[in-house]
Peer 1: 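Take a look at the following structure, please.
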Amino acid sequence: MKVLIIGGSGFLGTELVRQATAAGWETAATYCSRPGSIAGVSWYQLDLRVSGHVDEVLAAVAPSAVINATSGGSDWAVTADGSIRVAMAAAKRGCRLVHVSSDAVFSGSRIHYDETCLPDPVTPYGAAKATAETAVRLLAPAAAVARTSLIIGRGGSVHERMVHAMAADTHDGVLFTDDTRCPVHVEDLASALRELAVSDQGGMFHLAGADALSRHELGVLIARRDGLDATRLPAGRRADTLIPGAIGVRLDSSVTQGRIRTRLRGAREFLGVR
């Protein structure tokens, strides 16, 4: 197996690279500004905003599968246009493509979303992700598009770092009690994405955890796991702010769970304090 991980120096990408190399895969990965530190990986600098750059990297690597785990936030040139360039290049070379998307493609009007639900984004980031999804499915019909939610790890995710900062009173803001998601552990997510990379299953997949939690509930679990004072975490309601975006999005991953071996644990399990 020869895999190219786009965005290999990011939080999810780093775990993908770690698991791929541990499995004995021939692994190449891209970075924008700084390569990762995992040994045995071929690193390539890649700017998804530059036309033709993706084609050059794929020509150099000649992978059998490409996992696009890059995160450009609301930067349309990276998140939307860049993903389209990846899909076009992978389709041209006949590479298996796994594209990572987000629950941000939904408005929250339905609350529960399964794999058949169509995007209805309400933020620039969600719109960019939705555009990328649509383009990938048109350009590479055999590709796997995997929507996920808040990604948690063993302390390194943005959400975990924010909880630590809030508990130390070095971060302004609050954790919303009415903003619900289905957090997933980065190890489970990476394992599921690798499964999809070696399968021939195409279409839409939901790779989110089994538990729906508010951001405050998630913060409390992180604090308890890490021995922090959870009572120091400020709470508030998203509905009382002018912050745009969906308030409650629960990805239903039950159909996907029946198609993959990796068990997508809920946050109450993987953050459980023993």
Peer 1: With Leu207, which of Ile260, Thr262, Val100, Asp188 fulfils side chain to side chain contact (heavy atoms under 4.5 Å, CB included)?
Peer 2: Ile260
Peer 1: Atom OH in Tyr125, atom OG in Ser71: separation rounded to 0.5 Å?
Peer 2: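 Atom-to-atom, Tyr125:OH and Ser71:OG are 5.0 Å apart.
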Peer 1: Tell me whether Arg49 at atom CZ has more than 12 heavy atoms from other residues, nucleotides or ligands lying less than 6.0 Å away.
Peer 2: no
Peer 1: Any pair with a residue in residues 170-203 that passes ring pair (Phe, Tyr, Trp, His ring centres under 6.0 Å), sequence neighbours left out, goes on the list, sorted by first then second residue, please.
Peer 2: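 For residues 170-203: His185-Phe270.
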Peer 1: Determine the minimum heavy-atom distance between Thr21 and Gly40, stating which atoms define it.
Peer 2: CG2-O, 4.5 Å
Peer 1: Applying side chain to side chain contact (heavy atoms under 4.5 Å, CB included), run through Ile152 and Glu160 and close with a yes or a no.
Peer 2: CA-CA 7 Å; Ile152 306 299; Glu160 292 162 286; 3.6 Å; yes
Peer 1: Could you tell me whether a side-chain N or O of Arg181 sits under 3.5 Å from a main-chain N or O of Ile247, the two making a donor and an acceptor?
Peer 2: yes
Peer 1: With side chains defined as the heavy atoms from C-beta onward, is the minimum distance between Arg237 and Asp178 less than 4.5 Å?
Peer 2: yes
Peer 1: Applying side chain to side chain contact (heavy atoms under 4.5 Å, CB included) to Leu175 and Val220, what does each step give before you reach the verdict?
Peer 2: CA-CA 10 Å; Leu175 295 174; Val220 168; over 6 Å; no
Peer 1: Does Arg259, at its CZ atom, have more than 12 non-hydrogen atoms belonging to other residues, nucleotides or ligands within less than 6.0 Å?
Peer 2: yes
Peer 1: Which heavy-atom pair separates Gly72 from Val78 by the least distance, and what is that distance?
Peer 2: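 Here Gly72 and Val78 meet closest at CA-CG1, 3.7 Å.
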Peer 1: Tell me, do Phe106 and Asp120 make a side-chain contact under 4.5 Å, heavy atoms counted?
Peer 2: yes
Peer 1: Between Leu193 and Gln19, does the side chain to side chain contact (heavy atoms under 4.5 Å, CB included) criterion hold? Intermediate values first, please.
Peer 2: CA-CA 11 Å; Leu193 291 170; Gln19 289 191 19; over 6 Å; no
Peer 1: Out of curiosity, does Leu58 fall in the hydrophobic cluster containing Leu46 (side-chain heavy atoms, cut-off under 4.5 Å, transitive links)?
Peer 2: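 In one cluster with Leu46: Leu58, yes.
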Peer 1: Side-chain contact test, heavy atoms from C-beta onward, threshold under 4.5 Å: evaluate it for Leu150 versus Arg215 and give yes or no.
Peer 2: yes
Peer 1: For Arg238 and Thr241, which heavy atoms make the closest approach, and how far apart are they?
Peer 2: O-OG1, 2.8 Å
Peer 1: As an exercise, state the distance from CG of Asp114 to CZ of Arg250, rounded to the nearest 0.5 Å.
Peer 2: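 Between Asp114 CG and Arg250 CZ, I get 14.5 Å after rounding to 0.5 Å.
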Peer 1: Is any side-chain heavy atom of Tyr31 closer than 4.5 Å to one of Gln45?
Peer 2: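 In contact.
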Peer 1: Below 4.5 Å, heavy atoms only, C-beta onward: do Lys92 and Met88 meet side chain to side chain?
Peer 2: no
Peer 1: If you measure only the distance, is there a donor-acceptor pair under 3.5 Å linking the side chains of Thr231 and Asp229?
Peer 2: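 Judged by distance alone, the side chains do pair up.
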Peer 1: Locate the shortest heavy-atom distance separating Tyr44 from Ala60; write the atom from each residue and the value.
Peer 2: CE2-CB, 3.9 Å
Peer 1: Please name all residues satisfying salt bridge (Lys or Arg N to Asp or Glu O under 4.0 Å) with Arg194, sequence neighbours left out, ordered by chain then number.
Peer 2: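 Applying salt bridge (Lys or Arg N to Asp or Glu O under 4.0 Å) to Arg194 gives none.
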Peer 1: With rounding to the nearest 0.5 Å, note down the distance linking CG in Asp81 to CG in Leu48.
Peer 2: 10.0 Å
Peer 1: I want to check something: taking the side chain as every heavy atom from C-beta on, are Leu271 and Leu218 in contact at a cut-off of under 4.5 Å?
Peer 2: yes
Peer 1: Counting only heavy atoms not in Asp169 (residues, nucleotides, ligands), do more than 12 fall under 6.0 Å from its CG?
Peer 2: no
Peer 1: What pairs meet the side-chain hydrogen bond (donor to acceptor under 3.5 Å, both in side chains) rule with one or both residues in residues 142-151, with sequence neighbours excluded?
Peer 2: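 Found Asp103-Ser149, Glu133-Arg147, Arg147-His206.
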Peer 1: Not counting sequence neighbours, which residues clear ring-ring contact (aromatic ring centres under 6.0 Å, His included) with Phe205? List them please.
Peer 2: none
Peer 1: Who pairs with Val122 by side-chain contact (heavy atoms from CB on, under 4.5 Å), at least two apart in sequence or on another chain?
Peer 2: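 Ser107.
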Peer 1: If Ile, Leu, Val, Met, Phe, Trp and Tyr residues are connected whenever their side-chain heavy atoms lie under 4.5 Å apart, and connections chain through other members, are Met204 and Val136 in the same group?
Peer 2: yes
Peer 1: Any chance you could measure Ile38, atom CD1, to Arg18, atom CZ, to the nearest 0.5 Å?
Peer 2: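 If I round to the nearest 0.5 Å, the distance is 7.5 Å.
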Peer 1: Show the nearest heavy-atom pair for residues Ser83 and His99, with the distance to one decimal.
Peer 2: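 Looking at all heavy atoms of both residues, the closest pair is OG-CE1, 3.4 Å.
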Peer 1: Would you mind reporting whether Val184 and Ile151 have side-chain heavy atoms less than 4.5 Å apart?
Peer 2: yes
Peer 1: Among Val3, Leu97, Val98, Thr30, which residue satisfies the side chain to side chain contact (heavy atoms under 4.5 Å, CB included) criterion with Val66?
Peer 2: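 Among Val3, Leu97, Val98, Thr30, the one that satisfies the side chain to side chain contact (heavy atoms under 4.5 Å, CB included) with Val66 is Leu97.
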Peer 1: Please enumerate all residues that pass salt bridge (Lys or Arg N to Asp or Glu O under 4.0 Å) together with Arg137, with sequence neighbours excluded.
Peer 2: none
Peer 1: Are Leu12 and Trp43 in one and the same hydrophobic cluster, where Ile, Leu, Val, Met, Phe, Trp and Tyr link if side-chain heavy atoms are under 4.5 Å apart?
Peer 2: yes
Peer 1: State the CD1-OG1 distance between Ile243 and Thr123, to the nearest 0.5 angstrom.
Peer 2: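 Separation between the atoms: 12.5 Å.
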Peer 1: With no hydrogens and no angle check, is any side-chain donor or acceptor of Ser191 less than 3.5 Å from a backbone partner on Glu187?
Peer 2: no
Peer 1: Has Glu195 got more than 12 heavy atoms of other residues, nucleotides or ligands less than 6.0 Å from its CD?
Peer 2: yes
Peer 1: So which atom in Gly36 and which in Ser9 form the shortest heavy-atom distance, rounded to 0.1 Å?
Peer 2: N-CB, 4.1 Å
Peer 1: Given the rule in the side chain to side chain contact (heavy atoms under 4.5 Å, CB included) test, do Ser64 and Arg96 qualify, once you have shown the distances and angles that lead to the verdict?
Peer 2: CA-CA 6 Å; Ser64 52; Arg96 169 69 171 163; over 6 Å; no
Peer 1: Would you say that Trp25 contacts Val198 through its side chain, given a criterion of any heavy-atom pair below 4.5 Å between the two side chains?
Peer 2: yes
Peer 1: Side-chain heavy atoms under 4.5 angstrom apart, residues restricted to Ile, Leu, Val, Met, Phe, Trp, Tyr: same cluster for Leu189 and Ile67?
Peer 2: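 Linked, Leu189 and Ile67 end up in one cluster.
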Peer 1: Is Met162 reachable from Val174 through a run of I, L, V, M, F, W or Y residues, each pair having side-chain heavy atoms under 4.5 Å apart?
Peer 2: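 No, because Val174 and Met162 fall into different hydrophobic clusters, even though each may have its own neighbours under 4.5 Å.
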Peer 1: Mind checking the CD-CG spacing from Glu115 to Asp252? Nearest 0.5 Å is all I need.
Peer 2: 6.5 Å
